[in-house]
Every structure is written in C-alpha cells, then in structure tokens.
Amino acid sequence: MYLDTLKSTGDFLTITRDNEFELAPSQFTLDNGTEVKVIDTGVIQFTPACETQKDFVFSSAVHGNETAPIEICDELIQHIITGKLELKQRVLFIYGNPKSINIGQRFVDENLNRLFNGAHENKTDNPEQVRAANLENYVREFFTSVEAGRYRAHYDLHTAIRGSKNEKFAVYPFLHGKPWKKSQLQFLLSCGVNTVLMMRAAATTFSYFSSKQFDADAFTVELGQVKPFGENNMASFEATKNTLSALISQKEVEYKEFDAKDFELFTVHRTINRTCEAFSFPFPDSAVNFTGFAKGELLATDGDTEIFAEVEGEAIIFPNAKVALGQRALLTVIPMEVNENFV
C-alpha cells in the first residue's frame with residue numbers, strides 16, 4: 001500500500017508516476033490535524049484543522065514535459081506532509097497528465113489543455129479526454145463541497161515550448177466583461193511574473209474552466225522554457241514557490257503596493273489556426289515569444305494563404321506549426337495599459 005511511503009516521505013510525485021492511470025483513493029490525518037485526501041493518481045487535497053476562508057488549486061503537468069512546475073508542487077506537497085509547512089487554507093494539488101510525465105512528452109494522444117470546459121465531450125475516449133473530464137469533476141467537488149462565498153483561485157503552472165523575451169508570463173482568462181484585478185497582478189509580480197496577456201475569448205484551457213465555472217481567480221502561468229527533470233535552475237523559481245507557499249500557509253498575504261509601471265500588459269490581437277497540412281512559419285524555431293513584427297511582414301503560411309502582420313509591432317505568442325488541424329497555431333498580441341477595466 002502506498003500510504004506508508006506517502007506518510008513517511010511525502011513523495012506523491014513518485015507514487016503518481018508509478019500509477020499512471022489510477023490510484024486507489026485514501027485519506028489520513030497529519031499530526032498537526034491537516035486532513036490529507038488522495039483522490040486519484042496525481043490529485044491530492046489538504047484541509048487544515050483550523051478555520052479557513054480560501055480554496056486554492058495548484059495544477060502542473062497538464063503538459064508532462066513541463067518539469068519546473070512539477071518540481072515546485074512536489075516540494076510543496078512534501079513540505080506539507082512532513083510538517084515543514086503548516087496550512088491555513090485548503091489546497092488541491094493536481095499533476096494533470098501522469099503518463100506524459102513518464103514519457104517526457106507534452107501529451108500522449110491529445111493536448112490536455114485543449115479539452116476543458118466541456119471540450120472533451122462527444123469525442124473518442126482517449127486517456128486525455130477521460131482525464132480532462134475527471135479533473136473537471138475533482139475541481140468541481142473541491143470548490144463546491146464547502147459553503148458558498150469563499151475565495152477561490154486556480155493557478156495552472158506551465159513552462160513554454162519556446163524561450164521568451166519576457167522569461168515568465170501569465171495568461172489571464174477571458175472574464176466576459178468582469179474587471180481584471182490589480183490584486184492578481186500583485187500576486188503575479190510576487191511570483192516574479194510582470195508580463196500578463198489578457199485573453200479576449202472563451203477557451204478550453206484548465207484555468208479558463210475554473211474562472212468561468214466557479215468565478216475563481218485563475219491564470220495559466222508560464223514560468224520559463226521547457227527543460228528535462230534535473231536541468232531546471234530552481235533558484236529562478238524561488239519567488240514563485242515562496243508566494244504559493246505563503247498563499248496556503250497564511251491567512252492573508254501582503255504584496256507590494258500596486259504600480260502600473262511594474263507591469264507589461266498585452267491583449268490578444270488575433271488567433272491564427274492551422275487549417276491545412278501545409279502550415280509553416282517564416283521565422284526559425286529559435287524565435288522567442290513576444291517577438292514583434294513590422295506591419296506587412298509574413299507571420300505564417302497556411303496552405304496557399306499567406307498571413308501578414310496587420311499592425312506595427314504585432315508580436316507572436318505560442319507559435320506551434322505542428323498542432324492538430326483546426327487548433328491554434330499562433331496568437332498575436334499588442335501592448336495595452338492599465339485602464340478603467342482594472343479594479
């Protein structure tokens with residue numbers, strides 16, 4: 001039984017990797033009164049004995065080769081179970097795609113981060129689609145099993161395929177007319193993230209699911225570039241780890257006073273989907289996120305269609321010419337300022 005190992009080491013990641021597809025649910029209580037609930041492989045919930053007001057979801061490994069966030073969450077989980085970190089808030093940790101961790105790939109059959117908010121429905125039941133449905137249910141149960149009106153947040157931690165002019169950045173899901181929050185920008189800055197991309201449309205990402213369905217403060221947080229286990233400079237993630245730790249071990253977290261000059265904000269200009277087998281970019285694989293293009297420069301070729309930059313400085317985000325047909329191959333963004341839509 002895995003519980004003895006988990007209790008003694010806190011090494012939930014190894015247990016998850018040893019049980020790619022399922023893990024028998026179980027629960028136990030730490031010496032400090034925190035209830036530990038293993039829900040499934042890669043899904044573990046902590047409820048402290050004290051009264052709480054906030055519910056946090058920290059997810060990683062939605063793409064299995066994005067190892068730095070996995071290592072951050074691994075350390076936090078171990079510190080909670082071994083008593084080094086005592087909780088003041090509820091938290092649900094999720095390793096999204098255990099099999100893809102083991103094979104060191106972004107996904108197995110299908111990009112898991114394109115299958116949330118119902119996108120897994122009415123499709124063949126490959127493992128990622130089954131997992132997306134299950135993860136939605138686990139988040140739903142976590143947020144709705146306690147009294148209404150509590151604070152909710154979901155931070156989905158990633159690293160990007162490409163490098164970036166701005167090493168760390170976050171994607172703020174579309175809020176359907178609700179204002180963006182300065183307090184969430186302050187949280188991101190405390191994590192070492194000062195670049196934020198404001199989405200303008202609904203999505204099928206994990207963070208959008210929690211934002212839309214449960215009114216949670218949610219982000220996809222990109223913490224650098226993809227690297228294999230053991231090759232991450234974990235010192236560069238210290239601010240992120242310390243901030244996440246503070247969120248769950250303190251009643252309130254104090255942030256630096258808000259200053260709009262601390263942030264570099266972008267809004268999506270357009271989404272470019274791959275519609276043809278013959279799809280390519282004119283720029284090299286070494287081109288980094290937030291590279292800007294002059295108006296009229298070629299951005300992509302989709303079959304016989306050439307796609308050009310429409311505005312001066314139009315910049316690229318998440319270029320991937322190998323996505324499945326019909327999926328997003330590129331976002332382009334333009335700068336924006338803090339305005340009246342921030343509270």
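Here, residue 1 is the first one in the sequence, and each next residue gets the next number. A quick note: this is a predicted structure, and the numbers were derived from the prediction, not measured.
You'll find the ring centres of His63 and Phe107 outside the 6.0 Å limit. Residues Phe283 and Phe293 bring their aromatic ring centres within 6.0 Å. Taking the ring centroids of Phe116 and Tyr208, they lie at or beyond the 6.0 Å cut-off. The aromatic ring centres of Phe290 and Phe169 sit less than 6.0 Å apart.
Just one residue in the list Val171, Leu197, Ile272 forms a side-chain contact (heavy atoms from CB on, under 4.5 Å) with Leu331, and that residue is Leu197.
Although no hydrogens or angles enter the test, the distance criterion places a donor-acceptor pair under 3.5 Å between the side chain of Thr9 and the main chain of Thr5. Ser210 places no side-chain N or O within 3.5 Å of a backbone atom of His154 that could act as its donor or acceptor partner.
Following chains of ILVMFWY side-chain contacts shorter than 4.5 Å, one cannot reach Phe206 starting from Val108, and the two form parts of different hydrophobic clusters. Residues Phe308 and Ile334 fall into different hydrophobic clusters, defined by Ile, Leu, Val, Met, Phe, Trp and Tyr side chains chained together at heavy-atom separations under 4.5 Å. Each of Leu115 and Val130 belongs to its own hydrophobic cluster when Ile, Leu, Val, Met, Phe, Trp and Tyr are linked at side-chain heavy-atom distances under 4.5 angstrom. Cluster membership check: Phe266 does not share its hydrophobic cluster with Val221, using side-chain heavy-atom separations under 4.5 Å among Ile, Leu, Val, Met, Phe, Trp and Tyr. Residues Val91 and Val146 are members of separate hydrophobic clusters, defined by side-chain heavy-atom contacts under 4.5 angstrom among Ile, Leu, Val, Met, Phe, Trp and Tyr.
Within 6.0 Å of NZ in Lys256 there are more than 12 heavy atoms belonging to other residues, nucleotides or ligands. A 6.0 Å sphere centred on NZ of Lys178 holds more than 12 heavy atoms belonging to other residues, nucleotides or ligands. Atom NZ of Lys7 is surrounded by more than 12 heavy atoms from other residues, nucleotides or ligands within 6.0 Å. Within a 6.0 Å sphere centred on CG of Asp304, other residues, nucleotides and ligands contribute 12 heavy atoms or fewer.
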*Going through the distances and angles, do Glu222 and His158 end up as a side chain to side chain donor-acceptor pair (under 3.5 Å)?*
CA-CA 5 Å; Glu222 302 284 353; His158 289 253; 4.7 Å; no
*With side chain to side chain donor-acceptor pair (under 3.5 Å) as the test, would you mind laying out the steps for Gln78 and Asp74 before giving the verdict?*
CA-CA 6 Å; Gln78 290 192 37; Asp74 176 42; 3.1 Å; yes
*Take Arg17 and Asn102 through the test side chain to side chain donor-acceptor pair (under 3.5 Å) and record every step on the way to the result.*
CA-CA 7 Å; Arg17 296 185 69 177; Asn102 285 344; 2.7 Å; yes
*Carefully, step by step, assess Phe174 and Tyr172 under the rule ring pair (Phe, Tyr, Trp, His ring centres under 6.0 Å).*
CA-CA 7 Å; Phe174 180 53; Tyr172 208 141; over 10 Å; no
*How far apart are the C-alpha atoms of Thr332 and Glu314, what are their side-chain angles, what is the distance that settles it, and do they pass the side chain to side chain donor-acceptor pair (under 3.5 Å) test?*
CA-CA 6 Å; Thr332 72; Glu314 191 170 353; 2.7 Å; yes
*asked:* What verdict does the side-chain contact (heavy atoms from CB on, under 4.5 Å) test give for Tyr155 and Gln184, after you've listed the backbone C-alpha separation in whole Å, the side-chain angles of each residue and the deciding distance to 0.1 Å?
replied: CA-CA 11 Å; Tyr155 302 125; Gln184 287 300 291; 2.8 Å; yes
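Residues Thr14 and Asp11 have side chains that bring a donor and an acceptor to within less than 3.5 angstrom of each other. In this model, a donor atom of one side chain and an acceptor atom of the other lie less than 3.5 Å apart for Asn32 and Thr34. Residues Asn117 and Gln213 have side chains that bring a donor and an acceptor to within less than 3.5 angstrom of each other. Thr205 and Thr220 form no side-chain donor-acceptor contact under 3.5 Å, judged by distance and modelled atom types alone. Using modelled atom types, one finds no donor on one side chain facing an acceptor on the other under 3.5 Å when comparing Arg106 with Asn65. Judged by distance alone, the side chains of Ser164 and Asn289 never bring a donor and an acceptor atom under 3.5 Å apart. Side-chain contact annotation: Tyr2 with Asp18, donor-acceptor N/O pair under 3.5 Å absent.
Separating the CD1 atom in Ile72 from the CD1 atom in Ile77 is a distance of 12.0 Å, to the nearest 0.5 Å.
For the pair Arg140 and Phe214, the NZ or CZ position fails the cation-pi test of under 6.0 Å to the six-membered ring centre and within 45 degrees of the ring normal. The side-chain tip of Lys99 does not point at the ring of Phe21 from less than 6.0 angstrom away and within 45° of straight on.
Between Thr301 and Phe279 the shortest side-chain heavy-atom distance does not fall below 4.5 Å. Side-chain contact between Ile307 and Leu298: absent, with no pair of heavy atoms (C-beta onward) separated by less than 4.5 Å.
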